[in-house]
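Contents: one structure, followed by commentary.
Both ligands and their constituent atoms are indexed starting at 1 by order of listing.
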Amino acid sequence: MTSVPHFPVIIVGGGQAGLSVSHNLKKQGVEHLVLEKNRIGHSWRNDRWDSFCLVTPNWQCRLPDYPYQGSDPTGYMVKDEIVSYLEGFAEMVKPPIREGVAVTRLSRGAHGGFDLETSDGPMTADQVVVATGGYDIPIVPPYAHALSRDIVQMHSVDYRNPDQLPPGAVLVVGSGQSGVQIMEDLYIAGRQVHLCVGPAPRSPRRYRGKDATEWLMEMGYYKLTVDKHPLGDRAKEKTNHYMSGRAGGHEIDLRRFALQGVKLHGSMAGMDGSTVRFADDLAKNLDDADEVYVSIRRDIDAYIAKAGIDAPEEPPFVPVWAPDGTPDAIDCAAEGISAIVWAIGFRPNYGWIELPAFDGRGNPKFRRGVSPVDGLYFIGLPWLNTWGSGRFLGVAEDSAYLAEVMRARIDARQPVAA
Ligand SMILES: Cc1cc2nc3c(=O)[nH]c(=O)nc-3n(C[C@H](O)[C@H](O)[C@H](O)COP(=O)(O)OP(=O)(O)OC[C@H]3O[C@@H](n4cnc5c(N)ncnc54)[C@H](O)[C@@H]3O)c2cc1C
């Protein structure tokens, strides 16, 4: 009988979060294995469009002991540069990794640890870190099936460039970071674009002489932990602010795009045949996004005034366009719409984890990534601890913390010397 391979720690997922945990476990001298079902850098390489670039500035890329060291710290890396950055990190870490191995089941083992079923056979572990990312399953509403098959539909995860879509107008659904950037990509290519504007907030890009993120960093915003956040755990559900890192970075005011010919609609409400219907919330969604935008500017103004900083003044925000009787439905054929890009997000896939680590809605429960199941951890999720936790900014701190917790658990279980 062949014995089942056992590891003190197994990390599921070899993205930036899994590799960061590996790096910190190595520093702690903890033996472990990383299982990655694709290959290192998969999501950045395979799940983003061709013109993708970071929304966060390069100086926020702070993988553990491997901060961004390129020549453009205030710029925004494009897709290939992000992949190279991650590959460089992997080269430094030299993780004990098996690529092309998927974990298909995780359950409590008879020995008190964990049993894993993988595409490479069964394994066991004393501790397991789930580093599979938060963007597994692309969300498309069930009513999408009711749309005429003449219209191509795809999720943002499959969008690459405008030439991939048939000629004609394109409807982008969703105005989060992906939606507005894909809208801009299509607009620059000369496509007629329709955009369903949802409730996502927006942020200034440069304000009073600096990138808004630099001000927010100075103001301590990125140090705020979820347990001190005014929204508490509900902070995890907040949609990211939209702005762009494209061509040196700029803010995105959808009202300006409307003036330039992009057709804005309310949230998608349903579809049937060639007809798509919209909620009556365009004016509210634009106003709400602007309110957040203005409140960020106000906070920065207050900080500058209090600290007595000499920073250039900016003119007040003035809306340049407002919707006036937009239709609650359009006929795609009449509008020449040949394709729809869904950019309404993702949900994680935890169907393979058979452990009581989830709330009633299937969200993982944890405090700083430590789950209520002894020896099980999560990492790489928004607001795991801070805003930066689901991003390049916060994963170093989160992974160092988890490595310490795992090291301490191992030490506590060592037999005491006589
Ligand atoms: C459109 C978009 C834009 C973003 N923009 C920014 C930005 O500007 N700045 C920023 O800092 N962050 C940004 N992020 C967020 C974040 O940095 C990325 O999502 C990042 O990839 C998260 O790293 P991760 O390691 O947690 O997850 P991932 O990179 O998704 O890695 C998880 C890995 O786990 C593997 N895996 C999954 N399931 C299994 C399994 N069962 N068995 C084995 N392996 C498995 C996957 O193949 C994958 O390689 C963006 C995210 C998206 C989606």
Starting from atom 50 (C) of ligand 1, locate the nearest protein heavy atom and write down its residue, its atom name and how far away it is, to 0.1 Å.
Trp44 CH2, 4.0 Å
Looking at atom 39 (C) of ligand 1, what's its closest protein heavy atom, distance included?
Thr132 CG2, 3.5 Å
Looking only at protein heavy atoms, identify the closest one to atom 34 (O) of ligand 1 and say how far it is in Å.
Gly13 CA, 3.3 Å
Tell me whether the guanidinium CZ or amine NZ of Arg202 lies under 6.0 angstrom from the six-membered ring centre of Phe317 and within 45° of its axis.
yes
Minimum non-hydrogen distance to atom 27 (O) of ligand 1, winning option of Ala102, Gly41, Ser156, Gly133
Gly133
Who's closest to atom 10 (C) of ligand 1 heavy-atom-wise, of Thr56, Ile11, Leu106, Ile182?
Thr56
Out of His42, Gln16, Glu36, whose heavy atom sits nearest atom 48 (C) of ligand 1?
Glu36
Kindly check if the number of other-residue, nucleotide or ligand heavy atoms within 6.0 Å of CD (Gln60) is above 12?
yes
For the pair Phe378 and Tyr350, evaluate ring pair (Phe, Tyr, Trp, His ring centres under 6.0 Å) and give the outcome as yes or no after the intermediate values.
CA-CA 11 Å; Phe378 291 87; Tyr350 298 124; 5.6 Å; yes
Note the single closest protein heavy atom to atom 15 (C) of ligand 1, along with its residue, its atom name and the distance in Å.
Gly390 O, 3.4 Å
Among all protein heavy atoms, pick the one closest to atom 31 (O) of ligand 1 and tell me residue, atom and distance.
Gly15 CA, 3.5 Å
Name the option, out of Ala131, Ser43, Ser20, that contains the heavy atom nearest to atom 32 (C) of ligand 1.
Ala131
Tell me: protein heavy atom nearest atom 43 (C) of ligand 1, and distance?
Lys37 N, 3.4 Å
Any donor-acceptor pair under 3.5 Å from Arg205 side chain to Ser244 backbone:
yes
What part of Val101, side chain, backbone, both or neither, has a heavy atom within less than 4.0 angstrom of ligand 1?
backbone
Polar contact flag for Asn38 and ligand 1 (N/O pairs, less than 3.5 Å):
yes
I'd like to know if the side chain of Gln177 and the backbone of His241 have a donor-acceptor N/O pair within less than 3.5 Å.
yes
Indicate yes or no: does Asp398 engage Arg368 in a salt bridge with an N to O separation below 4.0 Å.
no
Can you list the ligand 1 atoms lying under 4.0 Å from a non-hydrogen atom of Leu35?
43 (C), 44 (N)
Think Lys236 forms a cation-pi with Trp383, using NZ or CZ under 6.0 Å from the six-ring centre and within 45 degrees of its axis?
no
The salt bridge (Lys or Arg N to Asp or Glu O under 4.0 Å) partner of Glu218 among Lys210, Lys306, Arg208 is Lys210
Please walk me through it: do Phe52 and Trp44 pass ring pair (Phe, Tyr, Trp, His ring centres under 6.0 Å)?
CA-CA 9 Å; Phe52 179 90; Trp44 290 112; 5.8 Å; yes
List the closest protein heavy-atom neighbour of atom 8 (O) of ligand 1: residue, atom name, distance to the nearest 0.1 Å.
Val55 N, 2.8 Å
Give yes or no for whether the N/O distance cutoff of 3.5 Å, strictly under, is met between Val103 and ligand 1.
yes
Is it true that the NZ or CZ of Arg62 lies under 6.0 Å from the centre of Tyr68's six-membered ring and within 45 degrees of the ring axis?
no
On a heavy-atom basis, I'd like to know which of Arg48, Met77, Glu99 is closest to atom 52 (C) of ligand 1.
Arg48
